[in-house]
Amino acid sequence: ARFIKDVTIPDGTKFNPGTTFTKTWQIQNVGSCTWSKDYGIVFVKGNQMSGPDSLPLPSEVRPGERVNISVNLVAPINPGTYRGEWMLRDASGKRFGLGANANNPFWVSIRVVEVEEGIVFSFVEAYCSAKWETGAGTLPCPGKGTEPSGFVIRLNAPEQENRKENEPALWTNPEMKNDGWITGTYPEITIKKGDHFLADIGCLADSENCDVIFRLNYRIGDGPVKTLGEWHEVYDGQITRVDVDLSDLDGKSVKFILTVLANGSYKDDAAFWLMPQIRR
């Protein structure tokens with residue numbers, strides 16, 4: 001293979017923590033074999049940035065042809081320079097890459113910059129960097145929105161119990177059973193004095209039987225899980241504005257955990273977090 005150009009995200013592109021982006025490389029087939037749709041790219045080294053382990057090619061690529069290969073990624077939480085290396089794989093899973101010996105990777109390299117004020121971290125933008133779990137086990141991200149085991153999906157224009165919004169939200173649906181629950185544990189982020197967690201929480205439209213408990217938990221290292229706040233929500237035409245001062249966590253690297261529990265028997269617990277974020 002031969003690297004032609006970065007179609008998007010040249011080396012050194014700056015991002016705020018947790019920003020989603022799409023990296024696209026243009027690669028040419030300079031070999032003698034056609035790359036079928038059974039070929040793909042694989043992550044091999046560095047920072048994966050919440051990308052997949054592998055991804056199929058978008059189309060067949062004959063010798064001499066070029067192809068644009070894209071992967072969706074999430075900028076890491078903490079400031080710094082990050083690089084992730086990728087290679088191609090053939091239909092049998094054998095890796096190959098660039099150069100005379102076909103053993104060199106292509107890569108994405110970005111800089112995550114510290115935010116001095118405004119939104120430090122968006123839980124919506126980085127939601128698939130979290131580990132989502134229910135009593136049924138670890139969940140795929142994003143979900144499909146129908147799984148009995150529970151799911152998390154992003155809604156770009158959520159219809160809430162009291163209005164339709166044009167800002168993004170997370171639909172975090174517990175496992176569909178009595179006392180079901182769902183949690184999303186995010187990567188560590190360093191908190192500064194004056195940082196606040198903000199979100200609107202409630203039930204989605206047409207979920208009249210919704211009865212849930214929201215919790216904002218956190219964990220430092222391998223220490224115990226602690227609770228910053230808990231809110232009981234039912235379908236009543238009202239939503240709750242959450243504003244939690246995080247100043248007591250100043251200087252600490254914190255894993256935040258978004259939790260929703262069915263309040264007793266599962267009914268129609270379509271719970272949402274509208275624009276959950278940390279604002280500095």
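This chain uses plain numbering: 1 for the first residue, then up along the sequence. The structure presented is a predicted model; accordingly, all values stated were derived computationally and were not measured.
Looking at heavy atoms from C-beta onward, P52 lies in side-chain contact with V71 at the 4.5 angstrom threshold. Using a 4.5 Å heavy-atom cutoff, the side chains of N217 and F256 are not in contact. V108 places a side-chain heavy atom less than 4.5 Å from the side chain of M49. Counting heavy atoms from C-beta outward, V67 and P58 have side chains that approach closer than 4.5 Å. Counting heavy atoms from C-beta on, the side chains of L88 and L57 come closer than 4.5 Å. At least one side-chain heavy atom of I110 sits under 4.5 Å from a side-chain heavy atom of I9. Annotation: side chain of F197 is in contact with side chain of L246 (closest heavy-atom distance under 4.5 Å). At a threshold of 4.5 Å between non-hydrogen side-chain atoms, the residues N263 and V234 do not count as touching.
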Problem set entry | Check against side-chain hydrogen bond (donor to acceptor under 3.5 Å, both in side chains), N156 and R154 | CA-CA 6 Å; N156 290 321; R154 171 178 174 151; 2.7 Å; yes
For this session: May I have the step-by-step check of side-chain hydrogen bond (donor to acceptor under 3.5 Å, both in side chains) for T190 and S253, ending in yes or no?
Result: CA-CA 4 Å; T190 302; S253 294; 3.3 Å; yes
For this session: Apply the test side-chain hydrogen bond (donor to acceptor under 3.5 Å, both in side chains) to residues Q48 and D53: give CA-CA distance (whole Å), side-chain angles for both, the deciding distance (0.1 Å), then the verdict.
Result: CA-CA 8 Å; Q48 198 163 350; D53 292 330; 2.9 Å; yes
For this session: Output, in order, the C-alpha distance, side-chain angles, deciding distance and verdict of side-chain hydrogen bond (donor to acceptor under 3.5 Å, both in side chains) for D200 and W273.
Result: CA-CA 6 Å; D200 287 346; W273 306 74; over 6 Å; no
Exercise. Salt bridge (Lys or Arg N to Asp or Glu O under 4.0 Å) between D11 and R83: does it pass, once the steps are laid out?
Worked result: CA-CA 9 Å; D11 288 355; R83 170 171 160 144; 5.8 Å; no
For this session: Might you work through the side-chain contact (heavy atoms from CB on, under 4.5 Å) test for T240 and E233, ending with a clear yes or no?
Result: CA-CA 8 Å; T240 297; E233 288 293 314; 2.3 Å; yes
For this session: Report the C-alpha separation of I77 and E188 in whole Å, then their side-chain angles, then the decisive distance to 0.1 Å, and conclude whether the side-chain contact (heavy atoms from CB on, under 4.5 Å) test is met.
Result: CA-CA 7 Å; I77 303 303; E188 288 183 344; over 6 Å; no
For this session: Test C141 against V152 for side-chain contact (heavy atoms from CB on, under 4.5 Å), laying out the working first.
Result: CA-CA 7 Å; C141 184; V152 57; 4.3 Å; yes
Exercise. Going through the checks in order, is the side-chain contact (heavy atoms from CB on, under 4.5 Å) test met by V260 and L258?
Worked result: CA-CA 7 Å; V260 174; L258 302 186; over 6 Å; no
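V61 and L55 fall within a single hydrophobic cluster, where Ile, Leu, Val, Met, Phe, Trp and Tyr are joined by side-chain heavy atoms under 4.5 Å apart, directly or via other members. No single ILVMFWY cluster, assembled from side-chain heavy atoms under 4.5 Å apart, contains both V120 and M275. Residues L204 and M176 share a single hydrophobic cluster, defined by chaining ILVMFWY side chains whose heavy atoms lie under 4.5 Å apart. Residue I191 is not grouped with residue V225 when hydrophobic side chains (ILVMFWY) are merged at heavy-atom distances under 4.5 angstrom, including chains of intermediate members. Note on L170 and I239: separate hydrophobic clusters, where clusters join Ile, Leu, Val, Met, Phe, Trp and Tyr whose side-chain heavy atoms are under 4.5 Å apart, directly or indirectly.
Heavy-atom minimum distance, Y218 versus L249: CE1-CD2, 3.7 Å. What you find for V212 and A271 is that their closest heavy atoms are CG2-CB, 4.1 Å. The minimum heavy-atom distance between P168 and L274, with the atom names listed, is O-CD1, 3.5 Å. Minimum interatomic distance between P63 and G31 (heavy atoms only, all atoms of both residues): CB-O, 3.3 Å. Residues E125 and G18 share a closest heavy-atom pair of CB-O, 3.5 Å. Here the closest non-hydrogen pair linking G99 and N104 is CA-ND2, 4.0 Å.
Put simply, the side chain of T227 never gets that close to the backbone of G229: no donor and acceptor are under 3.5 Å apart. A side-chain donor-acceptor contact under 3.5 Å links N178 to the backbone of Y266. Between the E159 side chain and the R163 main chain, no donor and acceptor come within less than 3.5 Å of each other. Of the possible polar contacts, none joining the S50 side chain to the L73 backbone as a donor-acceptor pair under 3.5 Å is found. For K14 (side chain) and V113 (main-chain N/O), no donor-acceptor pair under 3.5 Å exists by modelled atom type. Not one N or O on the side chain of E230 forms a donor-acceptor pair closer than 3.5 Å with the backbone of R215. The backbone N or O of P174 sits nowhere less than 3.5 Å from a side-chain atom of T134 that would complete a donor-acceptor pair. Of the possible polar contacts, none joining the E85 side chain to the F106 backbone as a donor-acceptor pair under 3.5 Å is found. Judged by distance alone, with hydrogens and angles left aside, the side-chain atoms of E161 form a donor-acceptor pair with the main-chain N or O of C203 at under 3.5 Å. Listed for the E147 side chain is a donor-acceptor partner under 3.5 Å among the backbone atoms of G145.
To the nearest 0.5 Å, atoms CZ (F214) and CD1 (I201) are separated by 5.0 Å. For the atom pair OH (Y82) and OG (S109), the distance works out to 11.5 Å, reported to the nearest 0.5 Å. N68 contributes atom CG, which lies 9.0 Å from atom OG1 of T8 (distance to the nearest 0.5 angstrom). Between R279 atom CZ and L198 atom CG the span is 6.5 Å, to the nearest 0.5 Å. Atoms CZ and CH2, on F43 and W107 in that order, are 14.5 Å from each other to the nearest 0.5 Å. L228 contributes atom CG, which lies 5.0 Å from atom CG of L216 (distance to the nearest 0.5 angstrom).
Taking the six-membered ring for Trp and thresholds of 30 and 60 degrees, F123 and F121 have ring planes more than 60 degrees apart, a perpendicular arrangement. By the 30° and 60° cut-offs, the orientation of the rings of W86 relative to W25 is tilted. Using cut-offs of 30° and 60° on the angle between ring planes, the pair F21 and F15 is parallel.
In this model, a donor atom of one side chain and an acceptor atom of the other lie less than 3.5 Å apart for W171 and N173. T183 and T259 form no side-chain donor-acceptor contact under 3.5 Å, judged by distance and modelled atom types alone.
A salt bridge does not link E117 to K192: none of the charged nitrogens lies less than 4.0 Å from a carboxylate oxygen. Salt bridge status for R95 with D90: absent, with no side-chain N to carboxylate O gap under 4.0 Å. Between R89 and D38, none of the side-chain N atoms (NZ, or NE/NH1/NH2) sits under 4.0 Å from a carboxylate O, so this pair counts as no salt bridge. Comment: K37 does not engage E60 in a salt bridge, judged by the lack of any side-chain N to carboxylate O separation of less than 4.0 angstrom.
Atom CZ of R62 has 12 or fewer heavy atoms from other residues, nucleotides or ligands within 6.0 Å.
Residues in residues 267-278 take part in no salt bridge (Lys or Arg N to Asp or Glu O under 4.0 Å) pair, two or more places apart or across chains.
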